[in-house]
Each structure stands twice: as structure tokens, then as C-alpha cells.
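Just below is one structure, and these are the notes that go with it.
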2 protein chains.
Amino acid sequence: MSSNRPSPAQPPTLRDVAEAAGVHPATVSRALNPKTRTQVGAETVRRVQRVAKALGYQPNPIARSLKTSRSNTIGLIIPDLTNPLFPPIVRGIESVLEPGGYSSLIVNTDNDPERERVKIESLRSRQVEGLIVATARLDHPLLVELHEQGVRMVLVNRRVEDLEIPYVTADDVTGVTLAVERLARLGHTRIAHLSGPQTTSTGVARARAFRHAVRDQGLEDDPSLIAECAHWSEADGAHALRLLLDRGAQFTAVVAGNDLIALGCYDVFAERGISCPEDMSVVGFNDMPFLDKLRPALTSVRIPHHDIGVEAAHTLLECIEEPARPPRSLLLPVSLVVRDSTARANERRL
Amino acid sequence: MSSNRPSPAQPPTLRDVAEAAGVHPATVSRALNPKTRTQVGAETVRRVQRVAKALGYQPNPIARSLKTSRSNTIGLIIPDLTNPLFPPIVRGIESVLEPGGYSSLIVNTDNDPERERVKIESLRSRQVEGLIVATARLDHPLLVELHEQGVRMVLVNRRVEDLEIPYVTADDVTGVTLAVERLARLGHTRIAHLSGPQTTSTGVARARAFRHAVRDQGLEDDPSLIAECAHWSEADGAHALRLLLDRGAQFTAVVAGNDLIALGCYDVFAERGISCPEDMSVVGFNDMPFLDKLRPALTSVRIPHHDIGVEAAHTLLECIEEPARPPRSLLLPVSLVVRDSTARANERRL
DNA sequence: TTGTAGGCGTTATCAC
DNA sequence: GTGATAACGCCTACAA
């Protein structure tokens, strides 16, 4: 009876429960842990559980981590949470991690390798059990290093060259192909591509797919119709389009590396009095939110954001929980969402 | 000697450093901790630091947490990371937390109280030292309960009634007033308000400010021109506007509770062939990204997203690090960003 | 089936 | 100034 703590809400520990249940702490530990519960008498288990609930016992995950050297935490490396591409992916990830008993620590790198190094350092010091990385570049020494150190990770939306790191991405090739096919069917014969940075697998894959698709449509694969954006941003998209235009390139449609780059095109259209889609068609990539409300509504390749997150998380958990099994990578299907930024080619522009 | 670990990259511990430096672990601890460094001889400090760096020693935060019962982690409760309002706030928060040595655990509640309870539970079991809450409702028993338990927290963009919890919000009253003034100056005499949920302080504050502002402009404060949205969402915005329209309400402008609600209006305009801004002006609130690219570009009240995050984080850290000091709340300044969704009133509509 | 004991890596509190 | 010791809360051989 006398075991009531008058104390100021110190959370109860295993010992408190043990005391209250008249049993040894180790027994409580076993009774409360599903994996060892069988080793304890059914009656004892019940009593312990009752007492634990009564006291409002919550295991201290820090103590547990110290003992088991598992943190139940994973790190999420993204360039910029403010880019609408990522929040849905993050939500997908959490929808898997959380039921699995994991939490995620999110960091923004702004695509700065130094920042990235520091933040990953900090994540590791917090003992994360794995990493989901959305910032991978084709040549990415840091990731190679981590991989060699046995850090478990999964890449989303990206890959690294010559490296056996599992990845989950959208099917870039099909996406770009759909875009080009659509434009070709609308009579466009000279289509430009504002590619993403060629330091990223995604940028390279989409650019390569673009050239293939153009040839497959029987069109000329003219390198002067391709401009590379330094970053996946509006500003860089605008810059690249201006370059093409100033160079006097002739084209009636643009396949943008992603939606932000496409938005950059909108800025240039406004600057130069080009009307979209009458003078120029544009297709984006990713189908971010609110594209349907743009002026004009942007045609874009839809990728399964949420599923990418879900699959990435599953893959990572597999790596963690069954280190033996060789992890598989995933290519998720895409579709073209046709809106108002694409129309029949305006031949006068050529 | 025999103390060489041939082992596979077990990260070095304090003990390893101590051994290598020929000194006691406690000394290493002191030498490496800025707050206790003074207790150690300068020469020793140098040697320990050198050895630590050489071994690549990283303190184990879990062990430290166990001992100090501080996790250096805070929880971030937001309704939905996918709402563009939040990522910039999150970034602001992290920009303060990180240099302060804290990490943040982000959870989405989808505004579901039950979910919220579970997630906060889980955060607490992870020993977070404080909470930044963006989901507060005026009547919010859970938060009251937590507050009474002494959980440190700061509200962003929201307040709770009759409760001394510090908050950081934008100046809603001024924002709405600016919007109404602008519309009045454009000749609008009948202005509708699609309010946010009246269960949130923000919804109430903006609605109240709206009615004040209308009267201040010498216009009629007609309750039939106000409709409440059940959530801060596009769908609910559209729903509310349809309601008003179907009711036969006469008005030429809408002040929306936030940008998403304003976007819902766009949908209804399209449905009903109302042209904006010719027939109807709209003002949003929050100035989310990409509003300038909408059709038409949305006039909106800009709030300092990033700063809200920054100040909230500062406030929370203060609460944690100086529990004595009574925390102050903050009201951050706003401005009206005029774009194309507002124009002179079209009297024929009345 | 249950109890015992030791330790995970760190820090706080003593001594010396 | 530095060393010894204990303890944070939990888990897990091992013993009983």
C-alpha cells in the first residue's frame, strides 16, 4: 500500500512497475516485450500489464537504445522541404515508418555538399539506423563512403553511378516519352528540352530519354534545342529558356526537366510576350500541387509521390531488419496529365 | 598493452579516448564538454582533444541523454506538411534549432484529435523536451492537459483560449484590414468573407477583424455575406462560396480565410463562369509560393513564414533553457501583396 | 518460470 | 586538476 509516490510526476520506470507488481524488473521487461513474453507465466504477464497500465508506464526508449544500440530513428536527407515535390514523399515515408515504430529526422541540405556532410554527420551521431536520401548526385563521394562504411540507405528519385545502393524512382524514361509523343501528335516538330542538372541521374535519364523519344517520333535530334539548367529551379529554368531564345533556336514546344523549370518558362513567356500554348507548348514533370490553377494550367508528368515514399521506407526497413537479403530497387509508373499548356503547333513560329 | 581493438570499426567511446590519452574517462568527459573544460588542465585538454579527433571520437548522444535525461529533441506538430504554408515555417524552426544542438521530430496530425493524441504520446515517449504546435484549436483539452503537466510548448499561427501558452502568429487583424481597405478603395461595397474554421483562433480572429474592417470602411456589416469553412482547404472554400452564391447573396469581392480557401473560389468561378477579377475580386491570406503564377495571380496577405518559425523556435528554446522567465508571445507584421485577382468593383453584379 | 548480475556510454559527485 | 565510483533505465546471458 505504501508505495505511492508523492513525487512530482517522475515517470515510472521498469523498477516501479516491478515493485508494484511484486516481481523482479527483469520479469517485467520480459512480460512487456512481445518477443519474450512467452517466457513468463500467463498470470504474471497479466498482472504486470495491469500494473504497468495503471502506473502509466512507458518504456524509456533512450535507455533501451543504449542497451540495444538501436535508435529506431532514420534520417531523411532532402534538398529543400519547400519544394512541393518532397512533402508528399515525406508523408509516404512516415506512413510506413511510424507503424514500424520508427521516427524520422528530416534535414535540408540546399544541395550544398558541405552542409550535407555536416548534417549527415549529425544524424549519424544521433545513431540513425538508416538514411533515405533525395539529394544523390551521379558522382557522390560522400554516399559512396557511407555505403562502404555499411550505412544502410535508400535513394529516392535519384541514383548514384556504379553503386549498388537501392533506389526508388519514377519511370523517367516513360514520362518523357509520353510528353514527347503527345507534343509530336500535336504537330510539334521542333521540341526543346530544358534539362535538369546533368550531375543528377534524373537529369541525365530524362535528357537521354528525350533524345531517344524525339528520334523515335522521326524528328530531328538537334542538340541546339537542349539547354541544361544548373539547378532544378524556376530561376534556372528561366535562364535556360532565355539562352535558347537568344541563341535564335527555332522551336514550338518545351519539355521541361521538372515543374519548377517549367514555371521558369512562364516567367520568360511573360517577359517576351510569348503566349502559351498558342505560340509555345510546355510540359512539366512531377505534377506538383496546384498546377491545375496556373496560367495556363501546366501539362505535366505525374509521378506517384506518396508511393515513392512508401516504397523507399519499406525498402529501408527491409535493409535494416533483414540485412542479409539483397535489396531490390524500384521503378514506379508515371502518367501524363494533359492540361492547357500544350496545344497544336504554331507553324508560324518556325 | 593488448588494448588494441582489432574489431570492425566499433566507434570509439570515451573510454577508448581516455586509454589512448592516458587519462581517466571522467577527465575526457570534462575536457570535451565546454561547460566543464575549465576544470581540466590546459595541457590535458589539448592532448585529449587531439586524441579524440585522431580516433574520430563522437559522443554518444543516447548515453548522454540517459544520464542527463535530456534528449535535445523537440516535437513539431503540424496538420499537414503538404500544405505549402508549413514547410517554410519548418525551415525557420530548424534554422534555429540546429545551431542550438537540437533536432526536431515532425508529425502530421491531419487535424484529427485522436491521431494527434497518439503522435504526441509517441513524441513524449521519445523524451522530446518541448513541442511546437501548429494545430491548436481554441478549445483544445489535450493542449491544456499537456500544459498542466508542465510540457513546454509554443503555438504557431494559433492560440488557445484562456491559456498562458506562448504563441507566435502573424498579425491577422492588420492583414484582414489591409485586404478590406484595398477592396473598399477599389469601390467594392459588398464584400464577402469565407472564414476559416471558427474552432481555430486564426479563423475567429480573421472573421472578427473582417467585420470590424468593413464597418470601419463605412460599409454594411451583413452577416449573410459570411460563410464558414469547415477546414482550411480548397474543397471547403469552394463549398462555402457555392453556398453563398446559391443563397443569392450579392457581393463583388471575397476575402478568403487563407489561400487554399481562395483557390477553392477559383474552382467555383470556373464552374459558374464567373470571371475574376472582372466579375469578382478575391484576396487570399498567407501568400503561399507560386501564387503569382495562378490564373489570375492571387492577391494575398503575406506573412513572414520563416520568421514565424524562427521566433517560435527561439521562444521554445528560451522556455527550455530558462524555465523561470515568463515567456512572451509574438505578433509578426504582415503586408498585402497586390496581384491580379483584385480589380475595381463591377457594379452590374449587384 | 523467475531472479541475479553486469553492462550499454556518459556524467555527477565524491574523494584525493 | 584528476581519479574513482555510482547511476541513468533497460536488456540479457546465465543461474536457480
Side-chain angles (χ1 to χ4, degrees), chain A residues 5 7 9-49 51-52 55-73 101 124-127 129, chain B residues 5 7 9-49 51-52 55-73 101 124-127 129:
Chain A
R5 297 197 160 195
S7 53
Q10 276 290 355
T13 76
L14 214 45
R15 265 231 281 291
D16 298 322
V17 178
E19 227 164 277
V23 73
H24 194 275
T27 306
V28 177
S29 171
R30 286 186 282 247
L32 261 26
N33 186 325
K35 310 198 86 164
T36 51
R37 186 168 301 156
T38 53
Q39 310 168 20
V40 178
E43 171 49 33
T44 315
V45 169
R46 259 194 306 280
R47 183 156 36 98
V48 167
Q49 287 181 326
V51 173
L55 294 187
Y57 170 74
Q58 290 281 109
N60 179 331
I62 294 178
R64 175 182 285 159
S65 287
L66 184 57
K67 184 64 194 172
T68 60
S69 63
R70 304 198 44 192
S71 64
N72 281 295
T73 300
R124 296 195 67 193
S125 83
R126 285 188 174 254
Q127 319 281 139
E129 293 182 39
Chain B
R5 299 192 161 194
S7 50
Q10 278 291 356
T13 78
L14 215 45
R15 266 233 277 293
D16 297 324
V17 178
E19 229 164 275
V23 72
H24 194 274
T27 306
V28 176
S29 171
R30 286 187 282 246
L32 260 27
N33 186 324
K35 309 197 86 163
T36 51
R37 187 168 300 157
T38 52
Q39 311 168 19
V40 178
E43 171 50 32
T44 316
V45 169
R46 260 195 304 281
R47 183 155 36 99
V48 168
Q49 287 180 324
V51 173
L55 294 188
Y57 169 74
Q58 290 283 108
N60 180 331
I62 293 178
R64 173 180 290 162
S65 288
L66 182 58
K67 184 63 193 173
T68 60
S69 64
R70 305 198 40 192
S71 64
N72 282 292
T73 301
R124 296 194 67 193
S125 83
R126 285 191 172 252
Q127 319 279 145
E129 294 182 39

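So you know, we letter chains A, B, ... as the sequences are listed, proteins then strands, and number each from 1.
Along DNA chain D, the nucleotide nearest to Val23(B) and the one nearest to Leu66(A) differ in position, and the one closer to the 5' end is contacted by Val23(B). Comparing Ala63(B) and Arg30(B) along DNA chain C, the residue whose closest nucleotide (by nearest heavy atom) sits nearer the 5' end is Ala63(B).
The closest side-chain heavy-atom distance from Val40(A) to Arg37(A) is not below 4.5 Å. Tyr57(B) places a side-chain heavy atom less than 4.5 Å from the side chain of Leu32(B).
One can place CZ of Arg15(B) at 9 Å from P of dT10(C), the figure rounded to the nearest angstrom. Note: CD1 (Ile62(B)) to P (dG9(C)) measures 11 Å, nearest angstrom. Residue Asn33(A) contributes atom CG, which lies 7 Å from atom P of dT12(D) at whole-angstrom precision.
Across all strands, Thr36(A) comes closer than 4.0 Å to no nucleic acid atom at all (heavy-atom distances). Nucleic acid contact for Pro59(B): sugar-phosphate only, since backbone atoms but no base atoms lie under 4.0 Å from a heavy atom of the residue.
Between Arg70(B) and dC8(D) there is no side-chain N or O to OP1 or OP2 distance below 4.0 Å. The shortest distance between the side-chain N/O atoms of Ser29(B) and the OP1/OP2 oxygens of dT11(C) is below 4.0 Å. Taking only side-chain nitrogens and oxygens, Ser65(A) never comes nearer than 4.0 Å to OP1 or OP2 of dC8(C). Contact between the side-chain N/O atoms of His24(B) and the OP1/OP2 oxygens of dA4(D) is found at a separation under 4.0 Å. One finds a side-chain N or O of Thr27(A) lying less than 4.0 angstrom from the OP1 or OP2 phosphate oxygen of dG3(C).
Annotation for Arg15(B): atom CZ does not count as buried by contact number, only 12 or fewer foreign heavy atoms lying within 6.0 Å.
The two residues Leu55(B) and Pro12(B) have their closest heavy-atom pair at O-CG, 3.4 Å.
Distance from the side chain of Lys67(A) is smallest to dC8(C) among dT4(C), dC8(C), dT2(C).
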